Colleague: 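One structure coming up, written as structure tokens, with questions to follow.
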Amino acid sequence: MQKEIILKLKPAEAFDNSAIRGYLAKSLGSSKNSITGFYKLKQSIDARSRQQVWINLTLKTFINEPFHQREIERISFKNVTHSNKKIIIVGAGPAGLFAALSFLEHGIQPIILERGKDVRSRRRDLATLNKDGIINPESNYCFGEGGAGTYSDGKLYTRSSKRGDINRILNLFVQFGAEEKILYEAHPHIGTNKLPHIITAMREIIIDCGGKFLFEKKVTDFIIENDELKGVKTFDGNSFFADAVILATGHSARDIFELLHQKNILIEAKPFALGVRVEHPQTLIDSIQYHCAFRDENLPPSSYSLVEQVNERGVFSFCMCPGGIIAPAATQPNELVVNGWSPSKRNNPFANSGMVVTVELKDAVEYFKKEKLKTKNTEIDSPLTLMNFQKIIEQKSFNAGGGKFVAPTQRMVDFSNNKFSSSLPECSYLPGIISSDLKNVLPSFIHKSLQEGFKIFGKKMNGYFSNDALVVATESRTSSPVRIPRNAITLEHPQIKNLYPCGEGAGYAGGIVSAAMDGERVANIITQKIKTL
Ligand SMILES: Cc1cc2nc3c(=O)[nH]c(=O)nc-3n(C[C@H](O)[C@H](O)[C@H](O)COP(=O)(O)OP(=O)(O)OC[C@H]3O[C@@H](n4cnc5c(N)ncnc54)[C@H](O)[C@@H]3O)c2cc1C
């Protein structure tokens with residue numbers, strides 16, 4: 001017999017198989033020996049009680065019958081070397097990679113054009129950025145093999161469960177080397193140290209099956225005849241032709257947005273969010289969330305998720321990284337962007353999280369007017385106004401830091417009380433931080449919303465509003481400030497045939513899993529279309 005059994009255990013018990021077996025036997029009213037084996041279907045932490053943190057487990061239990069390990073669904077890929085159908089995928093982020101894998105399943109040849117380098121060469125560019133404050137605009141935390149997903153935190157949860165099959169995406173990650181626990185944890189996480197191996201394994205399969213994977217191939221133009229996309233041109237003068245083009249260039253490919261606009265291809269401004277990254281000592285967050293002086297060794301470093309309406313504007317935490325590092329995630333030499341990641345063990349002494357405020361098109365237009373920064377593409381009717389707003393704040397942040405990606409920073413209570421921080425504690429951000437009045441960097445509607453937001457969050461999480469916490473500017477690449485429209489059913493651009501906007505940059509995803517699901521979705525639609533032709 002097999003049964004799904006739910007247990008609520010103390011942390012030490014939840015990771016001790018012998019203890020679990022005992023509780024299973026008790027719950028079944030049978031002996032320990034009758035249980036031939038079990039595996040976890042779900043695991044979550046419940047830290048609501050001040051007395052005890054609980055681990056909730058759902059266990060597939062085998063009773064008096066042979067035990068079978070969890071079956072990992074393995075997807076098989078076809079050899080596409082001789083496929084007469086070819087699809088260009090611009091961008092090798094999660095959207096592009098999962099689209100490519102889906103084409104391999106269906107026997108269609110993907111041709112991936114990626115502006116950045118492979119994961120290994122990319123790592124060297126990241127080291128130079130972190131150590132020397134020098135950025136390679138084509139190879140950084142956003143650009144290169146695996147896109148923004150490779151050196152990301154690798155949290156694999158999404159709220160967009162209706163947009164695709166999350167379990168299929170997680171299974172594929174396991175097939176390419178991720179740990180099985182991502183299949184049952186409530187908040188699955190891979191970690192920056194493990195992602196590059198997984199992305200490399202995906203590339204190897206794509207190439208082994210006859211797909212093409214070309215690095216340092218920045219797409220700089222579209223080949224369009226009678227409103228039909230025939231192919232693309234790359235920066236080195238080469239042209240590539242295919243049956244369709246998936247544009248999965250991510251939220252940081254401003255040159256692509258500019259190119260589309262310049263060619264009168266329809267794009268739209270899209271509201272996004274901008275703010276700062278906040279860093280606390282991890283021990284402080286643990287003590288708040290787990291209600292104890294020291295974290296139980298069986299519990300992971302704790303996280304939080306905060307959201308509040310302040311002056312009718314959303315203020316919320318974003319991409320929280322327990323035991324993490326703040327990373328320089330800009331793509332240009334004169335712009336400062338911060339984001340966060342953590343290794344699989346999440347064993348750094350800091351907890352960081354984006355804390356951002358929603359930005360509408362009218363806010364950006366107001367800002368430009370107030371700052372007397374009226375230039376091209378800063379008007380209410382320009383699709384690039386929000387992108388230019390994002391860029392201006394990033395440049396202000398870079399200048400406030402004094403260059404080399406040193407980040408302007410303030411202590412949290414000082415930030416909220418308009419006080420300059422005369423000293424700053426240690427911070428995980430490697431290029432360095434400098435004390436700065438962030439009122440001079442952030443637009444006032446964002447600054448004020450954050451000032452208020454921090455105080456409110458301090459009431460929700462006693463201890464969060466602290467001068468031991470740092471506020472680091474600027475977290476600005478939360479999602480795309482531009483949408484590339486597409487037909488809701490055919491997923492094709494409404495004006496240009498064979499152009500398929502995809503992933504986060506086009507405005508259809510926000511994170512690794514949703515971008516991967518969107519890549520699969522677009523690939524499936526193109527496959528159906530090709531097969532019915
Ligand atoms: C530091 C960091 C931490 C993050 N942590 C998480 C996390 O924990 N969980 C999560 O879900 N999300 C996280 N994210 C966000 C996540 O990485 C993105 O949402 C996701 O990668 C978007 O996927 P995408 O394929 O749509 O675009 P991207 O990953 O941005 O990929 C786009 C690709 O297109 C390429 N490209 C751009 N322009 C061109 C061109 N002209 N020609 C050719 N190629 C081009 C780029 O080089 C890039 O490789 C993090 C991001 C960062 C930077």
Side-chain angles (χ1 to χ4, degrees), residues 88-100 112-119 122 126 136-160 166 169 187-192 195 199 214-222 232-235 240 245-260 277 303 318-322 324-331 337-342 346 352-354 475-480 484 501-519 522:
I88 290 172
I89 299 171
V90 189
L97 284 177
F98 278 76
I112 300 181
L113 302 176
E114 167 54 52
R115 76 193 291 162
K117 302 180 188 173
D118 64 277
V119 283
R122 196 176 163 192
L126 298 187
N136 179 341
E138 305 303 336
S139 175
N140 43 59
Y141 276 95
C142 292
F143 295 161
E145 184 178 21
T150 307
Y151 293 98
S152 77
D153 192 33
K155 287 182 286 293
L156 297 180
Y157 34 97
T158 174
R159 271 169 276 162
S160 346
I166 297 174
I169 302 292
H187 293 106
H189 167 249
I190 292 184
T192 315
L195 280 159
I199 301 296
L214 305 175
F215 292 110
E216 298 184 69
K217 283 280 176 207
K218 176 161 72 171
V219 167
T220 50
D221 206 356
F222 302 114
V232 296
K233 286 186 181 164
T234 49
F235 81 104
F240 294 83
V245 176
I246 295 183
L247 195 60
T249 42
H251 58 27
S252 292
R254 289 181 179 152
D255 40 11
I256 286 290
F257 296 137
E258 276 161 358
L259 175 68
L260 290 164
R277 197 150 269 260
S303 62
F318 173 81
C319 184
M320 204 269 148
C321 302
I325 299 270
I326 300 182
T331 43
V337 180
V338 287
N339 206 312
W341 62 265
S342 65
R346 289 185 153 159
N352 72 67
S353 160
E475 173 94 22
S476 47
R477 308 267 175 105
T478 50
S479 71
S480 184
I484 311 176
C502 181
E504 183 159 28
Y508 302 100
I512 297 168
V513 172
S514 61
M517 289 195 298
D518 199 53
V522 171

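We count ligands from 1, going down the list as the structure has it; atoms in each ligand are counted the same way. Keep in mind it's a predicted model, so treat the numbers as computed, not measured.
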Colleague: Consider every N or O of Ala515 and every N or O of ligand 1, then say whether any pair is closer than 3.5 Å.
Modeller: no
Colleague: In this structure, does ligand 1 have an atom that sits under 4.0 Å from one of the heavy atoms of Ala327?
Modeller: no
Colleague: Which residue owns the protein heavy atom closest to atom 52 (C) of ligand 1, what's the atom, and how far is it?
Modeller: Asn339 ND2, 3.5 Å
Colleague: Specify the protein heavy atom at minimum distance from atom 35 (C) of ligand 1: its residue, its atom name, and the distance to 0.1 Å.
Modeller: Glu114 OE1, 3.3 Å
Colleague: When you measure from atom 7 (C) of ligand 1 to each heavy atom in Lys155, Glu145, Arg254, which option holds the nearest one?
Modeller: Lys155
Colleague: Looking only at N/O atoms, are Arg115 and ligand 1 under 3.5 Å apart anywhere?
Modeller: yes
Colleague: Let me see the working for Arg254 and Thr331 under side-chain hydrogen bond (donor to acceptor under 3.5 Å, both in side chains), right down to the final yes or no.
Modeller: CA-CA 10 Å; Arg254 289 181 179 152; Thr331 43; 5.5 Å; no
Colleague: Evaluate Ala95 for polar contact with ligand 1, using N/O atom pairs at a separation under 3.5 Å.
Modeller: yes
Colleague: Given Trp341, which of Leu195, Asn352, Ile325 fulfils the side-chain contact (heavy atoms from CB on, under 4.5 Å) condition?
Modeller: Ile325
Colleague: Just to be sure I'm reading this right: ignoring hydrogens, which of Gly149, Ser152, Pro94 gets closest to atom 13 (C) of ligand 1? Compare them by their nearest heavy atoms.
Modeller: Ser152
Colleague: Sequence neighbours left out, what passes ring-ring contact (aromatic ring centres under 6.0 Å, His included) with Phe222? Give chain and number order.
Modeller: none
Colleague: Looking only at distances, please establish whether an N/O atom of ligand 1 is found under 3.5 Å from an N/O atom of His251.
Modeller: no
Colleague: Could you tell me whether some N/O pair between Gly144 and ligand 1 is separated by less than 3.5 angstrom?
Modeller: yes
Colleague: For atom 19 (O) of ligand 1, what is the closest protein heavy atom, and at what distance to 0.1 Å?
Modeller: Glu504 OE1, 2.3 Å
Colleague: Any nitrogen or oxygen of Tyr141 lying under 3.5 Å from a nitrogen or oxygen in ligand 1? Just yes or no.
Modeller: no
Colleague: Measure the distances from the heavy atoms of Gly340 to every atom of ligand 1 and state whether one is below 4.0 angstrom.
Modeller: yes
Colleague: Does even one non-hydrogen atom of Arg477 get within less than 4.0 Å of ligand 1?
Modeller: no
Colleague: Can you check whether Ala148 has an N/O within less than 3.5 Å of an N/O in ligand 1?
Modeller: yes
